Structures are given as structure tokens and as C-alpha cells.
Engineer: 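Once you've had a glance at the structure underneath, I'll fire off some questions.
Quantities reported herein were computed from a predicted structural model and do not represent experimental measurements. Lettering follows sequence order; numbering is per chain, from 1.
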Amino acid sequence: MPEGPEIRRAADRLAEAVVGERLVSAWFAFPGLQRFEKRLAGCVVESIAPHGKALLTRFDNGWTLYSHNQLYGVWRITDAGQRSDTGRSLRVALETERKAILLYSASDVAMWRTDELHAHPFLSRLGPDVLDSTLDEAAVAARLLDPRFAGRSLGGLLLDQRFLAGMGNYLRSEVLFAARLLPQRRPRDLQASELAALARELLSVPRHSYATRGIEHAGGMRADYLTDTPDAFRFLVFDREGEPCPACGTRIQRQQNGSRRLYLCPSCQR
DNA sequence: CTTTAAACCTGCTGGC
DNA sequence: TGCCAGCAGGTTTAAA
């Protein structure tokens, strides 16, 4: 149930648990993947890394596990041999000597030859990961002005994974609010200062979310309110219809944009 | 080409 | 308590 920041934090935890370790066993619920169970036993997990919201788990036998959690998939980490009964359906289990990583509920799971991953129909079309530390404001500004994107409305563009992978629905509202822009604006019509602000917020909002635990939740949709540190990530407009804008006090509006909800301050955003 | 709508995957919540 | 409708932070497909 995640956007880029939540996926990346999950990847960090998984990597810490099993990267560099040798698999004792592998298990798949998908009949089409069960032929890999024997081939993965004894393999070393080389890396676990996200690209946008997709997760790539690479093994030292030339194969990579592709998984996408969509709205509902969730990874858990347990001590080897354990299976916490969650009520959810277990889809993948990778077990090392010490730890096991378990994927529940996800349906978009596949094994790919590592050297053929570039041909994956979803991965191959993704834009740069918005949380890639080498991505800078100049690159994002240039991408906004790319002819493929410059004429699009920001509302649609910010959810398009071909533009920036890892963006998602709460980030869209928060980025547009931080940049003080309305979703119907288009990159090519922005003033230079607006374009710069948008590029800056496209990087800083997701990074802030990632750095401060984002909206990782303990069972509730509004768990962003539970974060404790002073600089904790909070929704300023998302999910706050009718509440006063933190900048000007105007009531925050909820709109439909595409088929997704979008929140904005009609006074701050232009 | 862009935008919109519906479908799909699965889980959770709220209402009756 | 139990069932069902509706909704969700995602993506694909088809239609407009």
C-alpha cells in the first residue's frame, strides 16, 4: 500500500535481513514459479533494490525476482522457520540460515533473467526513480520540459511512472501544494520560478517522506499523524478536506483528478 | 497523442 | 456477529 518512499524503506529492511546470505529454501504460491524453488535454494541474494514501486531481488544464479505490491502487497521479515499467521495469503517465502522474508497478497510477481530485465514491459518504460540520489533539480526541470511531458497537465503527469518512477497519489497532492501549483497547469506554461519550485519539491517531498518514515503505518490510513520526530513527514493537504490550509487558513478542497482523489488549497495554489 | 473510465488484484472499514 | 458495498496509497486496457 505504498508509494516510492515506503517501497524503498521496505527494500532497505529486506536487504539488511538477507543480502549477502545464502538461501536455504525458496517457496512460491504461483504454480508458474514453483520450478524456481530448487534453482534458488543455495543461491546468494546479491541485492534488493526498488525501481519506483517495483522491487528487484537479484540472485547470484543470473535470475531476478520482480515484484510489485500494487495497493495491498506487503513484505514481512521473520526469523528462519517462523510463519507469522497474518490472515493474508502468502505468495513468496525466501529463507536463509537466520532470516526469512515473506511476501503476502501481491499478485504481480515474476522471475526474469537478470540480463533480460531491461525488456520487462513495466520496468522498461519507467522514468528515473524520484528517490535516486543522483537525480538533481536541473535534471528534473529538464525532464519537465521534455516534449513528451511539457504539454501534459501536472495532475496526470505526476502519477505517470514514465515521468518519474515512485511518485504516487499522496505525493502528488503534497508536491503540488508545496510548489503552490494547480493540477491543471502544464510544464511548458510555467514561469521559470514556478518550474524551479516544482523541480525542487518533486525531489524534496519524496525525500523527506523517505527520510522520516513517510506514512508507514501500523494498521491505519492516517498513521502519518503518529510520527514522533519534530521534522516528521505530515500530510499538509492530502486527506484533509475541509481543514484549514496550514499556510493561509483557507479550507482544503478535495477533487477528482483522473479517477484518483487530489487535495489542494485553492488560495495558495495557482 | 492525451484524458477518462472501467476492470483487475486484494484487504479493510463502515453501515445495515 | 455477519455480510456486503464501497474505498484504497496502483496499473492496465479500452474508449473517447
Engineer: In the strands shown, is dG9(C) matched to any nucleotide by a Watson-Crick or G-U wobble pair with both distances under 3.5 Å, and which?
Structural biologist: none

Engineer: When you get a sec, tell me which of dA8(C), dT3(B), dG9(C) is the closest nucleotide to the side chain of Arg152(A)?
Structural biologist: dT3(B)

Engineer: When you look at CZ of Arg113(A), are more than 12 heavy atoms from neighbouring residues, nucleotides or ligands closer to it than 6.0 Å?
Structural biologist: yes

Engineer: Looking at dG11(B), I'd like to know if its phosphate oxygens (OP1 or OP2) sit under 4.0 Å from a side-chain N or O belonging to Ser89(A).
Structural biologist: yes

Engineer: Looking at His68(A), I'd like to know whether one of its side-chain N or O atoms comes within less than 4.0 Å of OP1 or OP2 on dG10(C).
Structural biologist: no

Engineer: Any donor-acceptor pair under 3.5 Å between the side chain of Glu3(A) and the base of dG9(C)?
Structural biologist: no

Engineer: Nearest whole angstrom, please: distance from the C1' of dG10(C) to the NZ of Lys53(A).
Structural biologist: 6 Å

Engineer: So, is Ser259(A) near the phosphate of dA6(B), with a side-chain N or O under 4.0 Å from OP1 or OP2?
Structural biologist: no

Engineer: P atom, dC9(B) versus dC3(C): distance in rounded Å?
Structural biologist: 22 Å

Engineer: What is the nucleic acid contact for Gly168(A), judged by heavy atoms within less than 4.0 Å: base, sugar-phosphate only, or nothing?
Structural biologist: sugar-phosphate

Engineer: Test Leu131(A) against Arg8(A) for side chain to side chain contact (heavy atoms under 4.5 Å, CB included), laying out the working first.
Structural biologist: CA-CA 8 Å; Leu131(A) 288 168; Arg8(A) 185 165 290 262; 3.5 Å; yes

Engineer: Return the value, rounded to whole Å, for the distance between atom OH of Tyr66(A) and atom P of dG10(C).
Structural biologist: 14 Å

Engineer: Once you round it to whole Å, what is the distance between C1' of dG10(C) and CZ of Phe163(A)?
Structural biologist: 18 Å

Engineer: Rounding to an integer number of Å, can you tell me how far Gln256(A) CD sits from dG9(C) C1'?
Structural biologist: 14 Å

Engineer: How close or far is atom C1' of dG10(C) from atom CG of Leu159(A), stated in whole angstroms?
Structural biologist: 9 Å

Engineer: Are OP1 or OP2 of dC8(B) and a side-chain N or O of Gln70(A) less than 4.0 angstrom apart?
Structural biologist: no

Engineer: Inspect the contact between Arg270(A) and Glu194(A) and indicate whether a charged nitrogen and a carboxylate oxygen are less than 4.0 angstrom apart.
Structural biologist: no

Engineer: Go through dG11(B), dA8(C), dG10(C) for me and flag the one nearest to the Ser105(A) side chain.
Structural biologist: dG11(B)

Engineer: Roughly how many Å is it from CG in Asp160(A) to P in dT3(B), rounded to a whole number?
Structural biologist: 10 Å

Engineer: Would you name the heavy atoms of Asn61(A) and Arg39(A) that are closest together and state the gap between them?
Structural biologist: ND2-O, 3.4 Å

Engineer: What nucleotide among dC12(B), dA8(C), dT10(B) has an atom nearest to a side-chain atom of Arg261(A)?
Structural biologist: dA8(C)

Engineer: Short question: side chain of Arg240(A), backbone of Phe235(A) - any donor-acceptor pair under 3.5 Å?
Structural biologist: yes

Engineer: How would you label the contact of Arg91(A) with the nucleic acid (heavy atoms, under 4.0 Å): base, sugar-phosphate, or nothing?
Structural biologist: sugar-phosphate

Engineer: Kindly point out which of dG10(C), dA8(C), dT10(B) is positioned nearest to the side chain of Ser107(A)?
Structural biologist: dT10(B)

Engineer: If you check the Arg125(A) side chain, which of dT12(C), dT3(B), dT11(C) turns out closest?
Structural biologist: dT12(C)

Engineer: Measuring from the side chain of Tyr72(A) (C-beta onward, heavy atoms only), which nucleotide among dC9(B), dA8(C), dT11(C) has the closest atom?
Structural biologist: dC9(B)

Engineer: Would you mind reading off the distance between Arg162(A) atom CZ and dT3(B) atom C1', rounded to a whole angstrom?
Structural biologist: 12 Å

Engineer: Closer than 4.0 angstrom, basic N to acidic O: yes or no for Arg98(A) and Asp79(A)?
Structural biologist: no

Engineer: Could you check how far CG of Asn69(A) sits from P of dC9(B), rounded to whole Å?
Structural biologist: 17 Å

Engineer: Can you tell me if Arg260(A) touches the phosphate of dG9(C), counting only side-chain N or O atoms and a distance under 4.0 Å to OP1 or OP2?
Structural biologist: yes

Engineer: Could you please name the option among dG10(C), dT3(B), dG9(C) that lies closest to any side-chain atom of Arg186(A)?
Structural biologist: dT3(B)

